[in-house]
Amino acid sequence: MNVLVINAGSSSLKYQLINVETHTLMAKGICERVGSAQAFHKHGLDDNEVVIDAKMADHDDAMALVLDSLVSGEDAAISSLSEIDAVGHRIVQGGKYFDRSVLIDDDVIAKIDELAELAPLHNGAALMGIRACQKHMPGIPMVAVFDTSFFQTLPPKAYMYPLPYEMYEKYAIRKYGAHGTSHRYISERAAVVLDEPLEDLKLITLHLGNGCSASAIDHGVAVDTSMGLTPLDGLMMGTRCGTIDPAIVPFIMEHENLSAAEMNDLMNKKSGLLGISGVSNDLRSVRTASEEGNERAMLAYDMFSNSVKKYIGQYIAVMGGVDAIVLTAGVGENCEKMRRMIFSGLQPLGIVLDEEKNRHRGFERIISTDDSAVQIIIIPTNEEYMIARDTYEIVHDQQVGISAQ
């Protein structure tokens, strides 16, 4: 089964075409700056990747361009759109409605729209992607895969906020988490690397990129996570502040005369590594500046590592121990200096980083010492594969059910 995986952002449309049975990546690309005069389309695998300036007024135009690129040219991934068997969409916020991936119908679309308030930059864009697919590929089954569904197993003591209970009853204010598809993937792969059943393991998973989140996974079940009602909560990130004293919000609004929207923008887009360093939201640029003596960049680097370290301690306490700590995403996979800072001083907890292994680059690998009580593992995430796998399973089961009737 060939599954087209769509990840639509507010001004982008990322895609992969995957054959699930053979685990083959057939095509991939991204449409960037959709709606602007500087829009461009990047398409192709590895050395065959090309970048083309292209007019895309909206996601409908972008989807048409994507589908044309899949069937056009000498290196076309498929000869006809009829070879696409299903489409899987990444949806950030599924709220209380979805504890698993589902076939998309009118009711699912209505609920995704209803939840857009909790993920305004993501759910609305995902809906544009869904509608574009419906227009250009009518009749092709589509599946919604939610970042939040993995965390529907959290117990009330973890997902509730200590606010008046009426706020939960009226507005469903609770922790939903995010990056769940990534945390699910790396926890499953960690079990394979360790050659242990996932149900026998206590794992702390760390998705560290421009967006960052931590999760506690106890015997295969997510029991806590750092992101909250929205992806703003938890760890310090590229442009997001993460957890702060909530009284800071009205204080800044009053003193800077900011509206709620402006304050939200400040915390989501102007804080984190960017806000502290004044250099960039990209850890690579912050690292370079810190090594050149920029004190604010040094501070940002220290704050980032300290933020992660605190969550490791919290989740060890939550689960009463940990067997392995798993890192993924751009920072987690590639920044040996940040990993060294995160695990510095954790030796008394049985967490011992191997300096030599930490310097090596590779695929899935253990970077803790041979005698470390807790394993430290790097797993490159593959959210697209998880979306494709869920889509395959749901559509396949539906087809089998129809055949049985």
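When reading the values below, keep in mind they use all heavy atoms of this one structure, side chains included, and skip hydrogens, waters and symmetry mates.
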Side-chain donor-acceptor pairs of residues 207-214 under 3.5 Å, sequence neighbours excluded:
unit_1	atom_1	unit_2	atom_2	d
H207	ND1	S182	OG	2.8
N210	OD1	N281	ND2	2.9
S213	OG	H179	ND1	2.7
S213	OG	H183	NE2	2.8

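Here the side chain of N19 pairs a donor or acceptor atom with the backbone of T22 at under 3.5 angstrom. In this structure a side-chain-to-backbone donor-acceptor pair under 3.5 Å is missing from S226 to G234. Remark: the backbone N or O of M341 is paired with a side-chain donor or acceptor of K309 at under 3.5 angstrom.
Residues K96 and Y176 approach most closely at N-CE2, 3.6 Å, considering heavy atoms. Scanning all heavy atoms of the two residues, the minimum distance from A222 to T153 falls at O-OG1, 2.7 Å.
Taking the charged nitrogens against the carboxylate oxygens, R131 and D60 have no contact shorter than 4.0 Å, which rules out a salt bridge. A salt bridge is defined here as a Lys NZ or Arg NE, NH1 or NH2 lying under 4.0 Å from an Asp or Glu carboxylate O, and D265 with K270 meets this definition. Salt-bridge annotation for K337 and E291: present, with a side-chain N of the basic residue lying under 4.0 Å from a carboxylate O of the acidic one.
Enclosure of atom CG in D105 by more than 12 non-hydrogen atoms of other residues, nucleotides or ligands within 6.0 angstrom is indicated. Taking a 6.0 Å sphere around NZ of K28, one finds it holds 12 or fewer heavy atoms contributed by other residues, nucleotides or ligands. Around atom CD of E295, no more than 12 heavy atoms belonging to other residues, nucleotides or ligands sit under 6.0 Å away. The number of heavy atoms from other shown groups lying within 6.0 Å of CD (E117) does not exceed 12. With a 6.0 Å radius and a threshold of 12 heavy atoms from other residues, nucleotides or ligands, K111 has its NZ atom above the threshold. Within a 6.0 Å radius of CG in N257, other residues, nucleotides and ligands contribute 12 heavy atoms or fewer.
Distance SG/C241 to CD1/I276: 10.0 Å, rounded to 0.5 Å.
With E336 as reference, R287 is the one residue of R359, R287, K357 to meet the salt bridge (charged side-chain N to carboxylate O under 4.0 Å, His left out) rule.
Between H255 and F251, the ring planes are parallel. Angles under 30° get that label, and only those over 60° would be called perpendicular.
For an aromatic pair to be called close, the ring centres must be under 6.0 Å apart, and Y165 with Y168 satisfies this.
Y185 is not listed as a side-chain neighbour of E383, based on a closest heavy-atom distance of 4.5 Å or more. I84 has its side chain within reach of L67: a pair of non-hydrogen atoms, C-beta onward, lies under 4.5 Å apart. V3 places none of its side-chain heavy atoms less than 4.5 Å from the side chain of D85. Put simply, the side chain of T148 does not reach to within 4.5 Å of the side chain of M227, judged on heavy atoms.
Counting only N and O atoms by type, the side chains of D354 and T369 include no donor and acceptor under 3.5 Å apart.
Applying the ring pair (Phe, Tyr, Trp, His ring centres under 6.0 Å) rule to F98 yields the partners F146; only residues at least two apart in sequence or on another chain are considered. In this view, Y311 and Y315 satisfy the ring pair (Phe, Tyr, Trp, His ring centres under 6.0 Å) rule, not counting sequence neighbours.
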Residue pair E32, S11: steps toward the side-chain contact (heavy atoms from CB on, under 4.5 Å) verdict:
CA-CA 6 Å; E32 289 271 30; S11 61; 5.5 Å; no
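Under the 6.0 Å distance and 45° angle rule, R174 counts as a cation-pi partner of Y159.
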